[in-house]
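Position 1 is the first residue of the sequence; numbering continues from there.
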Amino acid sequence: QVQLVESGGGLVQAGGSLRLSCAASGLTFSRYAMGWFRQAPGKEREFVAAISWSGGTTYSGDSVKGRFTISRDNTKNTVYLQMNILKPEDTAVYYCAKETGGLGSRWSGAYDYWGQGTQVTVSA
């Protein structure tokens, strides 16, 4: 079965950086686009970034554009989220997800498998 396991979350000061990883198994990873979403307490799930099957096309949410970078390594079945210049408002549980297709999408409904999430906390 498909499994997505995130890692790399933690506590960081504002202005700092973190890199999240999502290791995938149980699928032909290189066929599918992958995405990152986040959810803060009391808020709806928010699109963060997505990457196409080849890594050739990426998308970023407006609130993270220029600060966060999504990438993937198809030889390691892993997708990454490099987060720089972190702000307290980036505090959330971050989820990686597998898209049903290969192109990437900002819409959460396009994703059929989700990881368990990793907590990112940014202190002021």
Side-chain angles (χ1 to χ4, degrees):
Q1 70 278 21
V2 176
Q3 285 193 319
L4 303 174
V5 180
E6 301 99 334
S7 61
L11 174 64
V12 64
Q13 288 188 333
S17 298
L18 282 175
R19 188 176 82 153
L20 305 184
S21 299
C22 173
S25 60
L27 76 166
T28 306
F29 181 74
S30 60
R31 288 184 179 177
Y32 300 99
M34 299 293 293
W36 287 96
F37 291 76
R38 67 186 183 185
Q39 189 165 20
K43 295 189 176 181
E44 293 187 354
R45 189 167 292 186
E46 177 189 12
F47 170 75
V48 175
I51 188 166
S52 64
W53 65 274
S54 66
T57 302
T58 62
Y59 308 86
S60 295
D62 290 341
S63 61
V64 306
K65 203 162 291 185
R67 299 188 298 122
F68 291 11
T69 302
I70 189 170
S71 62
R72 66 190 295 160
D73 185 339
N74 286 348
T75 67
K76 297 182 178 179
N77 286 7
T78 301
V79 61
Y80 304 97
L81 185 68
Q82 178 66 45
M83 305 186 295
N84 298 329
I85 319 175
L86 282 160
K87 304 176 181 180
E89 51 263 43
D90 295 319
T91 295
V93 177
Y94 283 71
Y95 300 89
C96 76
K98 166 197 163 292
E99 199 202 337
T100 56
L103 300 181
S105 174
R106 300 171 184 270
W107 178 48
S108 62
Y111 296 82
D112 55 359
Y113 288 93
W114 295 78
Q116 82 288 351
T118 186
Q119 176 71 47
V120 171
T121 303
V122 184
S123 63

K.L.:
Using a 6.0 Å distance limit plus a 45 degree cone around the ring axis, check whether R19 lies over the aromatic ring of Y80.
P.N.:
yes
K.L.:
Does the E6 side chain pair with the main chain of C96, one donor and one acceptor, at a distance under 3.5 Å?
P.N.:
yes
K.L.:
Roughly how far apart are T78 OG1 and L20 CG, rounded to 0.5 Å?
P.N.:
12.5 Å
K.L.:
Within a reach of under 6.0 Å around CD of E89, are more than 12 heavy atoms found that belong to other residues, nucleotides or ligands?
P.N.:
yes
K.L.:
Mark yes when over 12 heavy atoms from residues, nucleotides or ligands other than L27 sit less than 6.0 Å from its CG; otherwise mark no.
P.N.:
yes
K.L.:
When rounded to the nearest 0.5 angstrom, what distance separates OH in Y94 from CG in L18?
P.N.:
9.0 Å
K.L.:
Which of these, V64, V93, V120, L81, sits in a side chain to side chain contact (heavy atoms under 4.5 Å, CB included) with R38?
P.N.:
V64
K.L.:
Under 4.5 Å between side-chain heavy atoms, hopping through other hydrophobics if needed: is there a path connecting F29 to W53?
P.N.:
no
K.L.:
Could you check whether any side-chain N or O of Y111 sits under 3.5 Å from a backbone N or O of W36, counting only pairs where one atom can act as donor and the other as acceptor?
P.N.:
no
K.L.:
Just verifying a value: how many Å separate Y95 OH and L4 CG, rounded to the nearest 0.5 Å?
P.N.:
13.0 Å
K.L.:
Which heavy-atom pair separates G26 from V2 by the least distance, and what is that distance?
P.N.:
O-CG2, 3.6 Å
K.L.:
May I ask you to decide if the ring planes of F47 and F37 are parallel, tilted or perpendicular, using 30° and 60° as cut-offs?
P.N.:
perpendicular
K.L.:
Tell me the closest heavy-atom pair linking S105 and A50, and the distance in Å.
P.N.:
O-CB, 3.8 Å
K.L.:
Report the distance from atom SG of C22 to atom CG of N77, rounding to the nearest 0.5 Å.
P.N.:
10.0 Å
K.L.:
Checking Q116 side chain against V5 main chain: does a donor-acceptor pair fall under 3.5 Å?
P.N.:
no
K.L.:
Hey, is the main chain of T91 close enough, under 3.5 Å, to the side chain of T121 for a donor-acceptor pair?
P.N.:
no
K.L.:
What's the separation between atom CE in M83 and atom CZ in F68, rounded to the nearest 0.5 Å?
P.N.:
5.5 Å
K.L.:
Locate the shortest heavy-atom distance separating G104 from A33; write the atom from each residue and the value.
P.N.:
N-CB, 3.2 Å
K.L.:
Looking at D90 and S63, would you say the former's side chain and the latter's main chain have a donor-acceptor pair under 3.5 Å?
P.N.:
no
K.L.:
Side chain to side chain contact (heavy atoms under 4.5 Å, CB included) with Y113: which of Q3, K98, M34?
P.N.:
K98
K.L.:
Taking S60's backbone N and O only, do any of them form a donor-acceptor pair with R106's side chain (distance below 3.5 Å, no angle check)?
P.N.:
yes
K.L.:
Do the side chains of D62 and K65 get close enough for a salt bridge, i.e. N-O under 4.0 angstrom?
P.N.:
yes
K.L.:
State which residue, out of I70, L103, T57, fulfils the side chain to side chain contact (heavy atoms under 4.5 Å, CB included) condition with I51.
P.N.:
I70
K.L.:
Using a 3.5 Å distance criterion without hydrogens, assess whether the side chain of R72 forms a donor-acceptor pair with backbone atoms of S52.
P.N.:
yes
